[in-house]
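I have placed the structure first, in the form of structure tokens, so that the comments after it can refer back to it.
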Amino acid sequence: MRWSIALIPTLKEPPADAVAPSHILLLRAGMIRQLGAGAYTYLPLGLRVLHKASQIVRQEMDAAGAIELLMPALQPIEIWKESGRYETYGDLLMKLTLSGGHQMCLGPTHEEVMTDLARDLINSYKQLPITMYQIQTKFRDEPRPRFGIVRTREFVMKDAYSFDADVAQLGKSYDAMYEAYCRIYDRCGLPYVIVEAESGPIGGDASHEFMVPCSTGEDRVIQCTACDYAANQERAEIGARLALATKPDLTAPPFQAVDTPGKRTIRDVCGFLKVEESTSGKLLVYLGDGKPVAVLLRGDHEANEAKVRRAIGVATLVPADPETIQKATGAPMGFLGPVNIKIPMVIDRAIAALATVVVGGNAVDVHLKGVVPGRDFPLDRVFDLRNAEAGDPCPRCGTTMVSRAALEIGHVFKLGTKYSKAMGATYLDEKGVEIPIIMGCYGIGINRIMAAAIEAGHDDNGIIWPLSLAPYQVSLIPLQVNKAEVMDLTRKLEQELEAAGVDVLTDDRDQRPGVKFKDVDLIGISLRVVIGERGLKDGSVEIKWRHEAAARNLPMATATQAILAELAEAKATHDAYCRERISARSGAATS
RNA sequence: CGGGGUGUAGCGCAGCCUGGUUAGCGCGCCUGCCUUGGGAGCAGGAGGUCACCAGUUCGAAUCUGGUCACCCCGACCA
């Protein structure tokens, strides 16, 4: 491709609206243009990256035995009512009414369509297992699109669905996808972390997320600094602290009630009483399956509702309304405490470990000082109930964990029979018994691969694409476009490299060298080849990798071969890296 | 949905408070000269319903009211 006929509208100045590095650089590099909130045009250069990512995903899906199909984005609303997600998916679903009043929606994901297809086409255990996938545009009515192409209302997703006869078969399908995902992200050169995620009905190891740590990430990953434990904050467990006081100090003076007029928040109370928030307690009231239940946490901690739900064994958990709280505890929000509480209470380990705490007095404008856990209220139901934070101990090895912002680029999930049961997708086993098919679903945000690659790979001058994703692998920069010798050599290199299957971008614009260098750095082409009069005098051209600082000279006579050798070596090095990762994984169990 | 901010040329901004020539500046774009290894210089030029609607006024980019859009923080995110 020649720059002069390409459409690459680079910008010198960063657009004011952009905040995230990937957003700024994609705009500046002329790869995307915004149409509206969460809706972007992919300009030719950006589209090439998207295609390269798609192609890697497609190859690895195929290699893992998944088969590609294409489902409609336009879906009848009825199947969403059938699965029950018309209600639960809520406003995120983009609904539209066609002429004649027919209700449809634009698919945010395709479990319903897939299950509908499966109940039609799969009847026998002999057809299982099978995994199908598509690469397609999804639509979600995001309340707040953000960070350029990171969170949009319209995005390209690879979604795969596995169908299995039993849980063991599902495990194999799941592992195959998990491994394929690792290969995909390895090939894309992304520094990803695999974390345990909230897994819903199947529980256990039923869900993993693939995350790329970066400042604009919308999720938080909790990671052990010693072992390989990693989980998203929703899911992360907290190891027990060693040698913490386990017996209450019965000799401590009795607690005393203090007036705390109008002090409702932890910050207000602690500031008023001049105590640390980490020695205070807060009592939250939830409705677990409709019944009030109290949750006691340290004042500076956050409740993890999934952990609470598991601890008390309920299916639904919602914060109680003020009237319910008043009725259940006798006090309004802001003055609740564990002493003489009348409703069932679960207690987080961190507060159970304190010697004394400040808590609400279950009466208006009253708090209690010097309350001793285990003496003044029972410690019979102590669990891990809070969100993990940086500094907490690892649940596996006890080492301190760190917390990092990360961008989710993929998710694998064991669905079980949620959709097959709701929609009647069953098969007949060997004995002729009708059994719901067991499903799994597996998503990859293609646009996010692109965003994550930039978040993880850029410098002051612009994007640094991994070779596998770069819109062009090689740029040819003739410095004197009016000089025949320069252009003759450029054309020769261009022709020979393209004939060898290399993606080449030739900057044939009559621009000053500085402009060309800045532009080609900005758009992040991996290998730069400069053809200039200066070099031609001693028979050489210059090459420079985008990610390296130094340039090197090559003899012009054998330049094509040398450039191909450079590319081949880079590819071989990366392939070796991918193979190493594969063999490292083959030892470790995945799920 | 709550809070905050911004809408003036393709991009970045000034002007608005205190209404009054033809709405400016930098980058980019066009023409010419000159220059040519890290976003050169000079000269000339094109490009604007000042987001939209309504109002106040002799007169509105500027004041008032409304609407819309976009960005940020939060809530939300199978």
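Since the structure is predicted, the reported quantities are computational estimates derived from the model, not experimental observations.
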Exercise. With respect to the side chain of A:Ala16, which nucleotide from B:A78, B:C13, B:U35 is positioned closest?
Worked result: B:C13
Problem set entry | Exercise: do A:Gln103 and A:Thr97 side chains pair donor with acceptor under 3.5 Å | yes
Problem set entry | Phosphate contact (B:C71 OP1 or OP2) by A:Gln34 side-chain N/O below 4.0 Å | yes
For this session: Determine the Euclidean distance between corresponding P atoms of B:C50 and B:U8; express it in Å to zero decimal places.
Result: 11 Å
Problem set entry | Selected nucleotide, minimal atom distance to A:Arg512 side chain, candidates B:A78, B:G39, B:A40 | B:A40
Problem set entry | Whichever of A:His23 and A:Glu218 has its nearest RNA chain B nucleotide further upstream toward 5' | A:His23
For this session: Quick one: label A:Pro15 by what it contacts on the DNA or RNA (base, sugar-phosphate, nothing), any heavy atom closer than 4.0 Å.
Result: sugar-phosphate
Exercise. So, does the side chain of A:Arg146 form a donor-acceptor pair with the base of B:C72 at under 3.5 Å?
Worked result: no
For this session: Quote, to the nearest angstrom, the P distance that separates B:U56 from B:G65.
Result: 15 Å
Exercise. In terms of the nearest nucleotide of RNA chain B, which residue is placed more toward the 5' end: A:His411 or A:Arg33?
Worked result: A:Arg33
For this session: May I ask you to verify whether the side chain of A:Glu13 and the base of B:G28 hold a donor-acceptor pair under 3.5 Å?
Result: no
Problem set entry | Any donor-acceptor N/O pair under 3.5 Å between B:G38 base and A:Asp521 side chain | yes
Problem set entry | Check: B:G74 base within 3.5 Å donor-acceptor of A:Arg144 side chain | yes
Exercise. Can you tell me how far C1' in B:U62 sits from the matching atom in B:C17, rounded to whole Å?
Worked result: 9 Å
Exercise. Separation of A:Met94 atom CE from B:C77 atom P, in whole Å?
Worked result: 17 Å
Problem set entry | Distance-only donor-acceptor test (3.5 Å): side chain A:Arg528, base B:G38 | yes
For this session: Compare side-chain N and O positions of A:Arg534 against OP1 and OP2 of B:G37 and report whether any pair is under 4.0 Å apart.
Result: no
Exercise. How is A:Val19 classified with respect to the nucleic acid when contacts are heavy atoms under 4.0 Å: base, sugar-phosphate, or nothing?
Worked result: sugar-phosphate
Problem set entry | Geometric cation-pi criterion, A:Arg33 with A:Tyr40: 6.0 Å, 45° | no
Exercise. Is any side-chain nitrogen or oxygen of A:Lys12 closer than 4.0 Å to OP1 or OP2 of B:G28?
Worked result: yes
For this session: May I ask you to say what A:Phe147 touches in the nucleic acid, namely base, sugar-phosphate or nothing, with a heavy-atom cut-off under 4.0 Å?
Result: sugar-phosphate
Problem set entry | Separation of the C1' atoms in B:C29 and B:C11, to the nearest angstrom | 12 Å
